[in-house]
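All ligand and atom numbering here is 1-based and tracks the order in the structure.
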Amino acid sequence: MSTIHGIRTAHGSACDGETRSYRFRYYAPSDSSYERCIGLTWCSSCREYSGAMVHVPSDEYLPDVLADLPRPERERLARSEVKLLDYLDRLARRGAWPPR
Ligand SMILES: [Zn+2]
């Protein structure tokens with residue numbers, strides 16, 4: 001299912017970095033597209049990543065890792081997938097994410 005590490009280099013050296021994934025809601029609960037969410041999968045080592053639209057039922061709880069951040073910081077991260085992945089990797093290194 002994952003396309004991360006799907007493309008090997010000419011040298012045949014495959015990255016064996018740990019892959020992580022994060023799903024988050026994009027639309028407001030009142031929106032008819034509420035169940036259409038963004039799913040990101042990436043390698044914490046080589047930074048290869050892919051994003052896709054994923055379906056998550058409205059009654060499934062998706063934790064929002066940006067919820068506790070000040071609004072300007074949250075919007076800065078939400079605008080850039082790369083910045084968001086950097087932030088999630090920092091949380092993961094501190095053991096603060098993903099929740100166990
Ligand atoms: Zn990798």
Practice task
With sequence neighbours left out, write down each residue that passes side chain to side chain donor-acceptor pair (under 3.5 Å) with Glu35, or none if nothing qualifies.
Solution key: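 If we apply the side chain to side chain donor-acceptor pair (under 3.5 Å) test to Glu35, skipping adjacent residues, the hits are His55, Ser58.
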Does a side-chain N-to-carboxylate-O contact under 4.0 Å join [X] and [Y]?
| X | Y | value |
| --- | --- | --- |
| Arg47 | Asp86 | yes |
| Arg20 | Glu18 | yes |
| Arg23 | Glu60 | yes |

Fill in the blank from the handout: Rounded to the nearest 0.5 angstrom, the CG-CZ distance for Leu84 and Arg76 is 10.5 Å
Practice task
Count, excluding waters, the protein N, O or S atoms that are closer to the Zn ion (ligand 1) than 2.8 Å.
Solution key: 4
Handout entry: Test of ring centre spacing under 6.0 Å for Tyr22 and Phe24
Key = yes
